[in-house]
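For reference, the structure is listed below as structure tokens.
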Amino acid sequence: MELDEASKRLRGQADIWKFMLSFADAMALRCAVELRIPDIINSHGGPVSLSQIASAIPDTSTSPDISCLDRIMRLLVRRNIFTAQPSSDGSGDTSSTTLYGLTHSSRWLLSDDQLTLAPLLLMQTHPWLMAPWHCFSRCVKEGGIAFEKTHGREIWDFASQNQEFNKLFNDGMACTAKIVLNAILSEYKDGFGCLGSLVDVGGGTGGAISEIVKSHPQIKGINFDLPHVVATAPAYPGVSHVGGDMFESIPNADAVFMKVKLTINYSFITC
Ligand SMILES: C[S@@+](CC[C@H](N)C(=O)[O-])C[C@H]1O[C@@H](n2cnc3c(N)ncnc32)[C@H](O)[C@@H]1O
């Protein structure tokens with residue numbers, strides 16, 4: 001049925017409210033990861049109460065604010081990040097009458113899981129990477145790159161001079177590399193079979209090439225990235241790390257692998 005003009009205006013207003021406050025979802029997700037709520041629920045082996053979550057939050061010197069935690073959990077339940085169910089005994093105060101469980105979404109936020117998005121979430125929602133989003137109108141008016149307007153230099157230069165950002169960024173990239181490689185390697189079975197060597201250009205700390213070499217041990221893997229990135233890369237069997245600038249030269253190998261994430265947000269901020 002066609003909406004009348006007043007209903008359309010009301011719906012339009014509702015959309016603006018929704019978009020205006022949509023950042024709250026990302027911030028609540030960040031809060032859940034920072035407090036390790038998915039890990040707390042997971043280690044308990046099933047749904048837990050607010051009091052149980054609060055008592056397991058790491059690194060707290062004061063007792064957590066249950067009503068604040070309650071509001072955040074209710075928002076995340078609305079977004080299907082957690083489930084909420086009444087506790088079986090039904091007694092007690094609000095902090096123990098509802099039990100919160102994991103969903104298919106929050107399972108992606110377990111910090112120690114092999115396949116996790118937690119490091120990427122902490123990277124994307126960090127103030128260092130959130131601040132450039134405030135520069136969109138300046139980018140339109142003046143041109144240029146939001147990250148550089150915010151931080152005064154390009155992202156790779158910033159990372160080379162800020163170890164904390166370097167780690168935050170590399171960890172975020174490494175967790176997605178694992179997820180993507182997991183999917184590639186399970187489907188693209190024969191694609192790497194003919195290779196004796198492979199160089200991952202812009203390979204970060206080597207997570208992607210190490211996964212390829214693990215399932216194709218005949219490949220001599222080379223992880224190539226900027227010197228400040230490979231300097232922090234862990235050792236992987238069958239993989240050598242080489243630092244350099246891909247615009248100058250890249251190491252020789254039978255094939256080049258490049259996985260570059262060009263989502264709208266990333267390209268807008270850095271490219
Ligand atoms: C978007 S990240 C992608 C990382 C990884 N390939 C992945 O998909 O998870 C881009 C990578 O390119 C690297 N990079 C940027 N400029 C480079 C250059 N001139 N030479 C070599 N690597 C570079 C960065 O340090 C970063 O690790």
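Side chains included, hydrogens not; waters and symmetry mates left out as well; all remaining heavy atoms used. Atoms within each ligand, like the ligands themselves, are counted from 1 in listed order.
Annotation: side chain of Phe82 is in contact with side chain of Ile41 (closest heavy-atom distance under 4.5 Å).
Contacts between Val229 and ligand 1 below 4.0 angstrom, taking non-hydrogen atoms only, involve the side chain exclusively.
Nearest heavy atoms, Ala159 versus Asn166: O-CB, 3.4 Å.
Near Lys259, with a cut-off below 4.0 Å to any heavy atom, the atoms of ligand 1 are 3 (C), 5 (C), 6 (N), 7 (C), 8 (O), 9 (O). The distance from ligand 1 to the heavy atoms of Phe247 drops below 4.0 Å at these ligand atoms: 19 (N). Under a 4.0 Å criterion applied to the non-hydrogen atoms of Asp245, ligand 1 contributes the atoms 18 (C), 19 (N), 20 (N). Taking every non-hydrogen atom of Gly204 and a distance limit under 4.0 Å, the qualifying atoms of ligand 1 come out as 27 (O).
The distance from atom OG of Ser87 to atom CG of Leu99, rounded to the nearest 0.5 Å, is 5.0 Å.
Judged purely by distance below 3.5 Å, without hydrogens or angles, the side chains of Asp65 and Ser67 pair a donor atom with an acceptor atom.
Checked against a 6.0 Å centroid threshold, the rings of Phe147 and Trp156 do not count as neighbours.
Considering backbone and side-chain atoms alike, Phe224 places every N or O at 3.5 Å or more from each N or O of ligand 1. Considering backbone and side-chain N/O of Asn170, none are found under 3.5 Å from N/O of ligand 1.
Heavy-atom separations between Gly244 and ligand 1 include at least one value shorter than 4.0 Å.
Of the listed residues (Cys175, Gly202, Gly207), the one carrying the non-hydrogen atom nearest atom 4 (C) of ligand 1 is Gly202. Counting heavy atoms only, Met246 comes closest to atom 21 (C) of ligand 1 of the residues His228, Met246, Glu248. The residue among Leu120, Thr205, Leu226 with a heavy atom at the shortest distance from atom 17 (C) of ligand 1 is Leu226.
A salt bridge is absent between Glu5 and Arg9; no separation between the charged side-chain nitrogens and carboxylate oxygens falls under 4.0 Å. Taking 4.0 Å as the cut-off between side-chain N and carboxylate O, Asp15 and Arg11 do not count as a salt-bridged pair.
At distances below 3.5 Å, at least one donor-acceptor pair connects side-chain atoms of Arg30 with backbone N or O atoms of Leu122.
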